[in-house]
Amino acid sequence: VQLVESGGGLVRPGGSLTLSCTISGVTGDDYAIGWFRQVPGEAPEGVSCVGVGDGHAYYILSLKDRFSTSIANTKKTVFLRMNNLRPEDTAVYHCGIDKGPPVTGCSPRAVEWYTNWGQGTQVTVSS
């Protein structure tokens, strides 16, 4: 399994970015993809997750109004759309895979459930 993140960059406060997580080496769709972010010296923080099979997405409550997660028709790319970005959103953003999400839906908080994290993509929000 390999996950590759892309789409990060430098953006002004209030701007938007769309990150991509490209998935390879996985068959079927009975898994979830989670998005996480991490700043140096801190633990990773959950952002969102989506069940690839059913497309149901879940978010950390504080981010729900600004962030959205979607899946490409091919089911090989998961997107994270981030609107109205703030300086505190600055972090390295990673995606990971949960190969056995609960039937009740994936959890963006359960960072430890996700494996095969990609190398991450840097998002910097600054004027």
Side-chain angles (χ1 to χ4, degrees):
V1 176
Q2 185 177 20
L3 306 178
V4 179
E5 305 93 339
S6 61
L10 173 64
V11 62
R12 295 180 183 273
S16 298
L17 278 176
T18 298
L19 306 183
S20 299
C21 175
T22 302
I23 307 159
S24 61
V26 183
T27 57
D29 60 7
D30 188 20
Y31 60 92
I33 295 295
W35 281 101
F36 309 93
R37 62 187 186 183
Q38 189 170 23
V39 298
E42 297 185 11
E45 175 190 22
V47 173
S48 70
C49 67
V50 62
V52 173
D54 60 19
H56 290 166
Y58 302 85
Y59 302 90
I60 295 298
L61 187 59
S62 62
L63 301 175
K64 186 176 181 180
D65 289 341
R66 298 188 294 121
F67 289 17
S68 63
T69 296
S70 60
I71 307 172
N73 289 337
T74 61
K75 296 190 174 181
K76 293 303 182 184
T77 304
V78 173
F79 304 102
L80 178 66
R81 174 69 175 179
M82 306 183 294
N83 297 319
N84 192 20
L85 283 162
R86 305 167 181 171
E88 54 263 39
D89 295 318
T90 295
V92 177
Y93 284 71
H94 299 268
C95 58
I97 185 170
D98 179 0
K99 298 177 184 177
V103 294
T104 52
C106 60
S107 170
R109 293 189 179 276
V111 176
E112 66 278 10
W113 290 1
Y114 296 84
T115 61
N116 300 93
W117 287 32
Q119 81 289 346
T121 186
Q122 176 72 47
V123 172
T124 302
V125 185
S126 175
S127 56

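Everything numeric here is computed off the predicted structure, so don't read it as measured data.
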Just verifying a value: how many Å separate D89 CG and L63 CG, rounded to the nearest 0.5 Å?
7.0 Å
Taking all non-hydrogen atoms of both residues into account, name the closest pair between G118 and H94 and its distance.
O-ND1, 3.0 Å
Over all atoms of both residues, closest heavy-atom pair of Y114 and G96:
CD2-O, 3.6 Å
Aromatic centroids of F36 and W117 separated by under 6.0 Å
yes
Does N116 form a side chain to side chain contact (heavy atoms under 4.5 Å, CB included) with K99? I'd like the steps, not just the answer.
CA-CA 10 Å; N116 300 93; K99 298 177 184 177; 4.0 Å; yes
What are the two closest non-hydrogen atoms of V1 and G25, and how far apart are they?
CG2-O, 3.7 Å
Can you tell me how far apart OH (Y31) and CG (D98) are? Round to the nearest 0.5 Å.
11.5 Å
Return the SG to NE2 distance between C49 and H56, rounded to the nearest 0.5 Å.
12.0 Å
Can you tell me how far OG1 of T104 sits from OH of Y58, rounded to the nearest 0.5 angstrom?
7.0 Å
Option among E42, E45, E5 that satisfies the salt bridge (Lys or Arg N to Asp or Glu O under 4.0 Å) test with R37
E45
Between R81 and T18, is the side-chain hydrogen bond (donor to acceptor under 3.5 Å, both in side chains) condition met? List the steps.
CA-CA 4 Å; R81 174 69 175 179; T18 298; 3.0 Å; yes
Might you point out which heavy atoms bring V11 and G15 nearest each other, and give the distance in Å?
CG2-CA, 3.7 Å
Intermediate values then yes/no, side chain to side chain contact (heavy atoms under 4.5 Å, CB included), L85 and R12
CA-CA 8 Å; L85 283 162; R12 295 180 183 273; over 6 Å; no
Just so I know, are the side chains of T22 and K76 near enough to count as touching, which here means a heavy-atom distance under 4.5 Å?
no
If you define the side chain from C-beta out and look only at heavy atoms, does anything of W113 sit under 4.5 Å from C106?
no
Is any side-chain heavy atom of L10 less than 4.5 Å from a side-chain heavy atom of S126?
yes
Return the minimal non-hydrogen interatomic distance between S16 and N83, and the atom names on each side.
OG-OD1, 3.0 Å
Just verifying a value: how many Å separate L19 CG and W35 CH2, rounded to the nearest 0.5 Å?
5.0 Å
Connected via hydrophobic side-chain network under 4.5 Å: I71 and V26:
yes
First locate atom CD1 of I60, then atom OG of S48, and finally report the distance between them rounded to the nearest 0.5 Å.
8.5 Å
Given side chain to side chain contact (heavy atoms under 4.5 Å, CB included), test Y59 with V50 step by step and report yes or no.
CA-CA 9 Å; Y59 302 90; V50 62; over 6 Å; no
Assess whether atom CG of N84 is packed by more than 12 heavy atoms of other residues, nucleotides or ligands within 6.0 Å.
yes
Shortest non-hydrogen pair, I33 vs L3, comes out as CD1-CD2, 4.2 Å
With side chains defined as the heavy atoms from C-beta onward, is the minimum distance between M82 and Y93 less than 4.5 Å?
yes
